[in-house]
Amino acid sequence: MQCLVRFIPWKKVIVRTCHLLLVFGVVASLVFQSSDLHTALYDTSNYLYCITYGLLVYVSLFFYFMTCYTDPGYVPYKRVPDWMGGMVSTSDEDDDDEDISEQNTKIPSNSHLRKCLLCNIEQPLRSHHCDFCNRCVLKYDHHCPYLETCIGEHNHRYFWCFLLTTDILIVWSMMLCSRSFIPFSDWSSWLHINKFRLFSMHVLIISLCATTILFCIHSFFAFTNSTTWERVSRHRITYLNRLPDEQLNPFHQGYCHNFFCSFLCHRMKEQQWDIVYRKRTEENVILNM
């Protein structure tokens, strides 16, 4: 029993099982009770309507579990840095060179890049140590309690797709649920007959509020090439709080490039954010000269 508790991630199992029960519970209330979906399935045999709804449920769950089980971008423990200036200087001569360079260019040097003492690795730019996963994550955004996983460079796009498809599914389900209520003159009888529909509608409304807010926020992050962690903790992040312009986003490469190249279509490998950072900060210095 102790082995099961130790090696099976029960928290993840419980959270993801609850999500499945919630989804299938709402779908079951629409299928087995009087609704447009029930009518399309059992009365009019409109299978295309049912298949389309079923596919949307499947795609939403697909992106949910893709987000859960895709490596968010854990930094390897035995990582050999392959990015410019990754290792912190240890000699006095190097420190002098960095001071001269910083005075001449007014661009923050890479000496402020950090070493994670918990993972005992050099942190790449934009990575952060997650206290819940106990790992450093590339382009760390946040740790999502509803998925019980980190959202990082490799699974952020799946998380965005999950929010998009879930929003569409919830709106469609709310339309089906709202038209399925059975009118009744007596209030107590109405509550008794429509109790499952009422429960489903409350779940859908709360879920829609949460997913819509998150979808808007992460769409903004996708188009601006930023993250929750960088926005909330900018004053504590060394590579951001030392910039001369507090409003400067050193990773912005144009909205279309940010969304399609850096967010949706990037390959499953570590991106060279230090190169983008240097280029953007140099451009900012030239513009302000």
Side-chain angles (χ1 to χ4, degrees), residues 72-73 75 81 83-86 88-89 98-116 122-131 136-144 150-161 163-164 209-266 270-289:
V75 182
W83 40 283
M84 297 160 49
V88 177
S89 300
E98 285 177 357
D99 292 338
I100 295 170
S101 175
E102 193 168 334
Q103 290 173 4
N104 291 336
T105 62
K106 296 182 181 180
I107 298 172
S109 69
N110 280 330
S111 61
H112 59 259
L113 296 177
R114 300 167 300 175
K115 178 178 181 180
C116 179
E122 203 69 35
Q123 283 186 332
L125 206 64
R126 309 192 79 181
S127 64
H128 180 65
H129 186 87
C130 176
D131 294 328
C136 287
V137 181
L138 296 170
K139 198 186 172 188
Y140 176 83
D141 188 89
H142 71 286
H143 184 92
C144 182
C150 274
I151 305 300
E153 187 165 270
H154 294 169
N155 67 348
H156 200 171
R157 55 181 170 175
Y158 299 130
F159 181 67
W160 183 86
C161 291
L163 293 174
L164 173 62
C209 292
T211 55
T212 302
I213 292 170
L214 286 172
F215 176 73
C216 292
I217 291 172
H218 286 277
S219 295
F220 173 77
F221 290 156
F223 279 102
T224 58
N225 202 349
S226 53
T227 64
T228 303
W229 176 61
E230 289 173 343
R231 288 280 173 176
V232 173
S233 304
R234 184 183 178 100
H235 63 286
R236 296 193 292 111
I237 301 173
T238 52
Y239 60 82
L240 293 178
N241 63 18
R242 299 187 183 187
L243 292 172
D245 184 359
E246 292 183 358
Q247 301 302 319
L248 175 65
N249 178 3
F251 306 107
H252 182 63
Q253 302 174 79
Y255 297 112
C256 289
H257 188 281
N258 290 340
F259 185 74
F260 292 105
C261 299
S262 297
F263 186 76
L264 280 184
C265 303
H266 78 86
E270 180 183 334
Q271 299 196 54
Q272 300 297 318
W273 294 118
D274 58 304
I275 298 174
V276 178
Y277 180 88
R278 281 180 173 273
K279 183 180 178 181
R280 283 283 294 160
T281 50
E282 286 171 0
E283 289 173 354
N284 184 69
V285 168
I286 293 170
L287 289 173
N288 292 329
M289 286 181 65

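This is a predicted model, so every value here is computed, not measured.
- At least one side-chain heavy atom of Ser219 sits under 4.5 Å from a side-chain heavy atom of Trp160.
- Across all non-hydrogen atoms, the minimal contact from Val137 to Gly152 is CG1-CA, 3.9 Å.
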Derivation of the side chain to side chain contact (heavy atoms under 4.5 Å, CB included) call for Glu283 and Leu248: CA-CA 11 Å; Glu283 289 173 354; Leu248 175 65; over 6 Å; no
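- In this structure a side-chain-to-backbone donor-acceptor pair under 3.5 Å is missing from Ser233 to Arg236.
- Using a 30° and 60° split on the angle between ring planes, Tyr140 and His128 fall in the tilted class, from 30° to 60°.
- Rounding to the nearest 0.5 angstrom, the gap separating the CD1 atom in Ile151 from the CG atom in Leu214 is 10.0 Å.
- The structure places CG of Leu243 at 9.5 Å from CG of Asn249, a figure rounded to the nearest 0.5 Å.
- Rounding to the nearest 0.5 angstrom, the gap separating the CG atom in Leu164 from the OG1 atom in Thr212 is 10.5 Å.
- How far NE2 of His257 is from SG of Cys265: 10.5 Å, rounded to the nearest 0.5 Å.
- Residues Cys150 and Asn155 share a closest heavy-atom pair of O-ND2, 2.9 Å.
- None of Phe259, Phe260, Tyr255, Phe263 except one satisfies the ring pair (Phe, Tyr, Trp, His ring centres under 6.0 Å) rule with Phe223; the exception is Phe259.
- Residues that satisfy the ring pair (Phe, Tyr, Trp, His ring centres under 6.0 Å) test with His218, not counting sequence neighbours, are His142, His156, Phe159, Phe221.
- In this structure Asn258 satisfies the side chain to side chain donor-acceptor pair (under 3.5 Å) test together with His252, sequence neighbours excluded.
- Contact record, Leu138 with Ser127: CA-CB, 4.1 Å, taken as the closest heavy-atom pair.
- Taken from CG in Leu125 to CH2 in Trp273, the straight-line distance is 9.5 Å, to the nearest 0.5 Å.
- Looking at Asp141, its side chain does come within 3.5 Å of a backbone N or O of Thr228 through a donor-acceptor pair.
- Considering only residues two or more places apart in sequence or on other chains, Asn225 meets the side chain to side chain donor-acceptor pair (under 3.5 Å) condition with Arg126, Lys139.
- Across every non-hydrogen atom of Gln123 and Cys136, the tightest pair is NE2-SG, 3.3 Å.
- Put simply, the side chain of Arg280 never gets that close to the backbone of Gln253: no donor and acceptor are under 3.5 Å apart.
- A side-chain donor-acceptor contact under 3.5 Å links Tyr277 to the backbone of Tyr239.
- A donor-acceptor distance shorter than 3.5 angstrom exists from the side chain of Thr281 to the backbone of Arg278, with no hydrogens or angles considered.
- Here the straight-line distance linking atom CD of Gln247 with atom CZ of Arg234 works out to 7.0 Å at 0.5 Å rounding.
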Arg231 vs Thr224, side chain to side chain contact (heavy atoms under 4.5 Å, CB included): CA-CA, chis, key distance, verdict: CA-CA 11 Å; Arg231 288 280 173 176; Thr224 58; 4.0 Å; yes
